[in-house]
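First up is the structure itself, then whatever we jot down about it.
Below, all heavy atoms of this structure are taken into account, side chains as well, without hydrogens, waters or symmetry copies. Chain letters run A, B, ... following the sequence lines, proteins first, then strands; residues in each count from 1.
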Amino acid sequence: MRIPCPHCGERAAEEFSYLGDATVQRPAPDAGVDAFVAYAYLRDNPAGALAEYWYHGGGCRSWLVVTRDTRDHRILGAVDARGREAQP
Amino acid sequence: MQRYSFLSLAQKALGGHRGWEPAWRKATPKKSYDVVIVGGGGHGLATAYYLARNHGITNVALVERGWIGGGNVGRNTTVVRSNYLLPDNQHFYEWSLKLWHELSEDLNYNVMFSARGSMFLATSLGGAMALRRRGNGMRLAGIDADWLEPDDLRRIAPNLDYSDGALFPLYGALIQRRGGTARHDAVAWGFARAASDLGVDIIEDCEVVDFLREGERVTGVMTAKGPIPAGRVCLATAGSASILAGKLGLKLPIESHLLQAFVSEGLKPVVNQVLSWGGSGHFYISQSDKGGLVFGGDIDGYNSYAQRGNLPVVEDVVEGGLAILPALGRLRLLRQWGGLMDMSMDGSPIIDRTPVRNLYLNAGWCYGGFKATPASGWCFAHTIAHDAPHALNAAYRLDRFATGHLIDEKGVGAQPNLH
């Protein structure tokens, strides 16, 4: 598996470490217990495309959001996690 | 059902081994069932068997997407042990180990359970103290555990690296002598045969694509072979639990991950126990009855349904193996494969009812699924039959993540790839 880092180009997967699902968002502080339980513990766990956090510790040391197909490990895209909403 | 015995074997041998019946009936779906079990792996098959044997519920269908033995029950590394630290896990896995010891006779099927001993190796002073603490916890719960000093260890496992220059010097090991291995395929076949004999319909090539619903209740499953109405629907689809649960809008505290396993060419006996090493590295190994060394290590670490892994973890596993068993370097690898792990958010399983009426869930087995097979089926069957958990699985609740009653054996929090 090779991950196309937006800063460093395509690199081998062992340069990166995995955090997990990037689709969950921390709720507002007053959102209530259920919202925080869902944020901390519940996952869609899709068989298909999943946006997830990877850290490029062996390269530019940036947090990335990589979209990857969990059925065959195909990488569908990778952007910097910071300000990712504004990116394509 | 044909009983297997020395006499029946001798008779059939004299007759050229003609006249053996298939081990289980190839069933087609009936109009409806009291219980439908989704998933024909070890846990689903054990559930079907204990539903019939312990609770007299025999109007049961077990539907399997592929064929019996083709999923994770045929992909694990066959280790059986009950050396846990937390009481909720200790009693459950200890009951499982007791069932393992009598399983072949109970099923009239040789599951080749071999109580050869399961050892956790310590390669640091801290690791040794943690293992001794675990052993003391086990003994307090009435479970056998012995601490082996390095000299004791060397006597029974002489092939480990005891040299002065060893990168990971051995500080001893915690051994559970009643642990061991079993033949994974035989476990699936044995449970399937025994369940089928008690009246359970085992329906292969029958993928569940959706549920039948009436309001808030589940009333059956929609399958590749048409609708199957049922009073109770029970999911034993660990590895892919989230997919079917998702069709009911049920989000689970689970991520699917991938674990690779390896087997070497056949050898004469060289690894006499199950060896596990966790801490600075992660590696476990046992020798199959055919002589192949069966081993593995960490999961790949990212969500996956691919059933195949990547090379960095292969390298990591082999490095771990060579560090403690240098002789491995002379071996050729015969096969390598991947299986799906239902990694839960606290590293412990779920056997429970669900918020959806008539739907029951058995999931979240992480690495520990194979050794749990008999007790998982035993407890799940009880939960289904009584619509309430047994004392042994009362802690394996689905809502424990909301109530804070987590069972986090490793203490790493809600990070499934670290459990």
Side-chain angles (χ1 to χ4, degrees), chain A residues 1-5 8 10-27 31-59 63-78 81, chain B residues 237-247 249-258 298-316 319 338 340-346 350 355 363-364 398-406 408 413-419:
Chain A
M1 197 159 71
R2 294 168 72 80
I3 295 174
C5 175
C8 312
E10 189 176 279
R11 297 294 190 93
E14 58 260 50
E15 288 188 10
F16 300 80
S17 32
Y18 185 75
L19 180 65
D21 194 327
T23 62
V24 286
Q25 294 289 323
R26 179 184 286 274
V33 170
D34 289 347
F36 274 93
V37 168
Y39 164 68
Y41 296 115
L42 303 183
R43 298 291 179 264
D44 286 325
N45 192 22
L50 174 65
E52 49 197 17
Y53 288 118
W54 289 79
Y55 177 65
H56 195 186
W63 279 99
L64 308 178
V65 173
V66 177
T67 308
R68 192 177 55 93
D69 192 322
T70 59
R71 291 167 302 183
D72 55 13
H73 303 161
R74 246 180 334 137
I75 308 286
L76 308 172
Chain B
T237 52
S240 307
S242 300
I243 297 176
L244 276 179
K247 293 195 185 294
L250 206 56
K251 263 197 197 187
L252 300 181
I254 285 172
E255 289 181 0
S256 295
H257 281 256
L258 124 83
D298 273 328
I299 55 176
D300 269 42
Y302 42 83
N303 289 29
S304 175
Y305 287 92
Q307 291 192 321
R308 62 179 168 77
N310 276 292
L311 289 171
V313 170
V314 176
E315 194 176 359
D316 187 60
E319 280 173 356
L340 301 189
M341 306 289 115
D342 244 18
M343 300 303 292
S344 69
M345 284 285 177
D346 63 355
I350 296 157
L398 178 57
D399 68 1
R400 67 175 183 267
F401 300 91
T403 61
H405 295 87
L406 303 182
D408 194 337
Q415 191 62 37
N417 62 348
L418 299 183
H419 282 293

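Atom CG of residue B/D316 and atom CD of residue A/E14 lie 10.5 Å apart, to the nearest 0.5 angstrom. The distance from atom NE2 of A/H73 to atom OH of B/Y302, rounded to the nearest 0.5 Å, is 4.5 Å. Atom CD of residue B/Q307 and atom CG of residue A/D72 lie 13.0 Å apart, to the nearest 0.5 angstrom. From A/N45, atom CG reaches atom CE of B/M343 across 11.5 Å, with rounding to the nearest 0.5 Å. Once rounded to the nearest 0.5 Å, the distance linking CG of A/D44 with NZ of B/K251 reads 4.0 Å.
Of the atoms belonging to B/L250, not a single heavy atom falls under 4.5 Å from chain A. Using a 4.5 Å cut-off between heavy atoms, B/I243 contacts chain A through its side chain alone, with no backbone atom that close. Heavy atoms closer than 4.5 Å to chain B are found in both the backbone and the side chain of A/L42. In this structure, the portions of A/A47 lying under 4.5 Å from any heavy atom of chain B include both its backbone and its side chain. Only the side chain of B/L258 comes within less than 4.5 Å of a heavy atom in chain A; its backbone stays farther off. Only the side chain of B/Q415 comes within less than 4.5 Å of a heavy atom of chain A; its backbone N, CA, C and O stay farther away. For B/N303, the parts sitting under 4.5 Å from any heavy atom of chain A are the backbone and the side chain alike.
Contact record, A/A40 with B/A414: O-CB, 3.6 Å, taken as the closest heavy-atom pair.
In this pair, B/F401 and A/Y41 present their aromatic rings tilted. The plane angle is within the 30 to 60° band.
Ranking B/G413, B/P416, B/P253, B/A241 against chain A, the residue ahead of the rest is B/P253, based on heavy-atom pairs under 4.5 Å.
With a 6.0 Å radius and a threshold of 12 heavy atoms from other residues, nucleotides or ligands, A/L76 has its CG atom above the threshold.
Here the side chain of A/R43 pairs no donor or acceptor atom with the backbone of B/S242 at under 3.5 angstrom.
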